[in-house]
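Below, all heavy atoms of this structure are taken into account, side chains as well, without hydrogens, waters or symmetry copies. Order of the sequence lines sets the chain letters (A, B, ...), proteins ahead of strands, with each chain counted from 1.
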2 protein chains.
Amino acid sequence: MEKVRSRTSYHHGDLPAALIDATFALIEENGVHGFSVAEAARRTGVSISAPYRHFADREELLAACAIAACEELQRRFGEALAQRQSPADQLSAVAAAYVRFAAERRPMFESLYGAGLDKSRHPQLADAGAAVLMPVAEVARKLAPGGGGEAAGILVVALTSLAQGYATMLLEGSFGEPPAAVDLACERVAAATAALLRGRSLLF
Amino acid sequence: MEKVRSRTSYHHGDLPAALIDATFALIEENGVHGFSVAEAARRTGVSISAPYRHFADREELLAACAIAACEELQRRFGEALAQRQSPADQLSAVAAAYVRFAAERRPMFESLYGAGLDKSRHPQLADAGAAVLMPVAEVARKLAPGGGGEAAGILVVALTSLAQGYATMLLEGSFGEPPAAVDLACERVAAATAALLRGRSLLF
DNA sequence: GTCTATATGTTGATAGAC
DNA sequence: GTCTATCAACATATAGAC
C-alpha cells in the first residue's frame, strides 16, 4: 500500500519484478520457447522498449528469472532441512522438495534448466545456484566417509541428479496426472534417495 | 553408390533425412531455440518451401528428429544389454549408455527432452519412446519382487529418472569438462544404479 | 519434388522526445 | 524511466509454375 512514488513515474513501482512475473507466466503457457521480451512488455502494459532500461537483453531477463527461481528453491530447501532430524531424512526431504518445486513452480524450474543459459556469462546466477546447494552439502558431509569433502561432493551430485531426473520425469507424465502424480513422485524420490544412501558404499 | 534416380529429381535422394541431419546440426550449435525450418532448408541447399512437402510444420520435423533419436538410443541399449549377464549389471549398463548417449549425441538428447513436444499429438513418437524401454522393463521384471509388473514399473521409472538426471547434470557441467567428464559420469551413474538396486527394498 | 515469389507476422534492439 | 517510432532481420506457411 505504499504508493508514495513520484507522479512522473508510470504505472509500476517495480517494473523489473513485473517483467519477471510476466516472463514466468509466458513460460508457463508455452515454455521458454514461448517467451519474448516484446510479449512480456505487452503483458506488463509497458512499451516494447521499456524492458531494455532494466535488462541489457533477452538473456539477462531470463537470467534474472533463474535467480528468482534459485531463491524460491533455497527457501524450500531450508524448510525441508528444518523439518527433519537425521541427515538421511534431511536429504530425502530435500529431494522431495525439489520435485515438488518442479511441479508447483514449473516455469521457475524450466527457467533453471531449460533456458540454455550460459552460467559463466551470468556470475550472479552461478552464485545463486551454488548458494542453493551449500546447506545440502553440509548435511552430506555428515554421511560421507571421514566427513571429507570429496565423498560429500559425489553424494551431492548423486542426489541432485536423482532429484533432477525425478522432476523431469514427473513433468513428462511418467507418474500419471496431477495432483496425485506429484505426491507419488515425491514419495518415490524420497524412497530412492533413501535406497541410494543405504547402498552408498558402492558410490565411493 | 546407387545413383539410379531419375534426372527430374534434384540434388537429394532423401531430403527428409537430410533435413533431419541439418536440424541436429542446428540444435548442436544453438540449442533447440536456434533451429528453424528456414535455416535447415538453407543448410540442406533447398528452398525454404521444400521442407513443407515432407513435414506438415516445424513441429513435425522436430518430432521426426526425436524419433530418430529413439532409434539410436534403442540401438545403444541393445548393445548394453547384450554385453552384460546379470540383470543388475545390465541395468547399470543401460543407465551408463543413456548418459553416454546424451554426451555423444547431445542434439538427439535435446530433441527428446528439450523440444517441448506434445507426445499425445505425435503418436509415432510415443510408440518409439515406449519401444526403447520395453527390453529394459523385461530385465527389470527379473529383479522385481514376485516378477510382477508393478514393481518392475517402479524400477524402470526409477532408473530412467536416475539416468535422465545424471545426463542432465553432465551436460550442465557438474562432472567437469569433457572428455573425462563423460567417463566419470558413466561410472557414477552405473554405481548409483547399483546402489539403488542394492537398497531397493526401500522402493516397494 | 522442388522452385520462385510472396503474404503476413514477429522479433530484438536502437534513437530520440518528454 | 518510460514513451513513440522505426529498423533490419527472420520466421512460418502458402500459391502456383515447371
Undergrad: I need the CZ-P distance between R43(A) and dT11(C), as an integer number of Å.
TA: 11 Å
Undergrad: Quick one: side chains of residues 33-43 of chain A, donor-acceptor pairs under 3.5 Å with protein atoms, not counting sequence neighbours, listed by atom name and distance.
TA:
unit_1: S36(A); atom_1: OG; unit_2: E39(A); atom_2: N; d: 3.0
unit_1: E39(A); atom_1: OE1; unit_2: R42(A); atom_2: NE; d: 3.0
unit_1: E39(A); atom_1: OE1; unit_2: R42(A); atom_2: NH2; d: 3.0
unit_1: E39(A); atom_1: OE2; unit_2: R43(A); atom_2: NE; d: 3.2
unit_1: R43(A); atom_1: NH1; unit_2: E29(A); atom_2: OE2; d: 3.0
unit_1: R43(A); atom_1: NH2; unit_2: E29(A); atom_2: OE1; d: 2.8

Undergrad: How bent is the helix from dG1(C)-dC18(D) to dC18(C)-dG1(D), comparing axes over its five end pairs at each side, to the nearest 10°?
TA: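 Between the first-five-pair axis and the last-five-pair axis there is 10°.
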Undergrad: Sequence neighbours excluded, which residues qualify as salt bridge (Lys or Arg N to Asp or Glu O under 4.0 Å) partners of R141(A)?
TA: none
Undergrad: When you get a sec, tell me which of dC3(C), dT2(C), dC3(D) is the closest nucleotide to the side chain of H54(B)?
TA: dT2(C)
Undergrad: Is the Y166(A) to F175(A) ring centre distance short of 6.0 Å?
TA: yes
Undergrad: Quick one: which residue pairs count as a side-chain hydrogen bond (donor to acceptor under 3.5 Å, both in side chains) with a foot in residues 178-188 of chain B, not counting sequence neighbours?
TA: R100(B)-D183(B)
Undergrad: Could you list the donor-acceptor pairs under 3.5 angstrom formed by side chains in residues 47-55 of chain B, with sequence neighbours left out?
TA:
unit_1: S47(B); atom_1: OG; unit_2: S49(B); atom_2: N; d: 3.4
unit_1: S47(B); atom_1: OG; unit_2: S49(B); atom_2: OG; d: 3.3
unit_1: S47(B); atom_1: OG; unit_2: A50(B); atom_2: N; d: 3.4

Undergrad: Would you give the length of the straight line joining atom CD of E110(A) to atom CZ of F24(A), rounded to the nearest 0.5 angstrom?
TA: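 Atom-to-atom, E110(A):CD and F24(A):CZ are 10.5 Å apart.
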Undergrad: Base, backbone or nothing for each nucleotide of nucleotides 8-15 of chain D, written B, S, -, heavy atoms under 4.0 angstrom, 5' to 3'?
TA: ---SSBBB
Undergrad: So L159(B) and L196(B), do their side chains get closer than 4.5 Å, heavy atoms only?
TA: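 A side-chain contact exists here, since the closest heavy-atom pair is under 4.5 Å.
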Undergrad: I'd like to know if E72(A) and R75(A) make a salt bridge, using a cut-off of under 4.0 Å between side-chain N and carboxylate O.
TA: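 A salt bridge is present here (some side-chain N lies under 4.0 Å from a carboxylate O).
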Undergrad: Roughly, in whole Å, what's the span from CG in D14(B) to C1' in dT2(C)?
TA: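 It works out to 15 Å between those atoms.
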Undergrad: Whole Å only: how far is the CG atom of L26(A) from the P atom of dG12(C)?
TA: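 In whole Å, dG12(C) P lies 11 Å from L26(A) CG.
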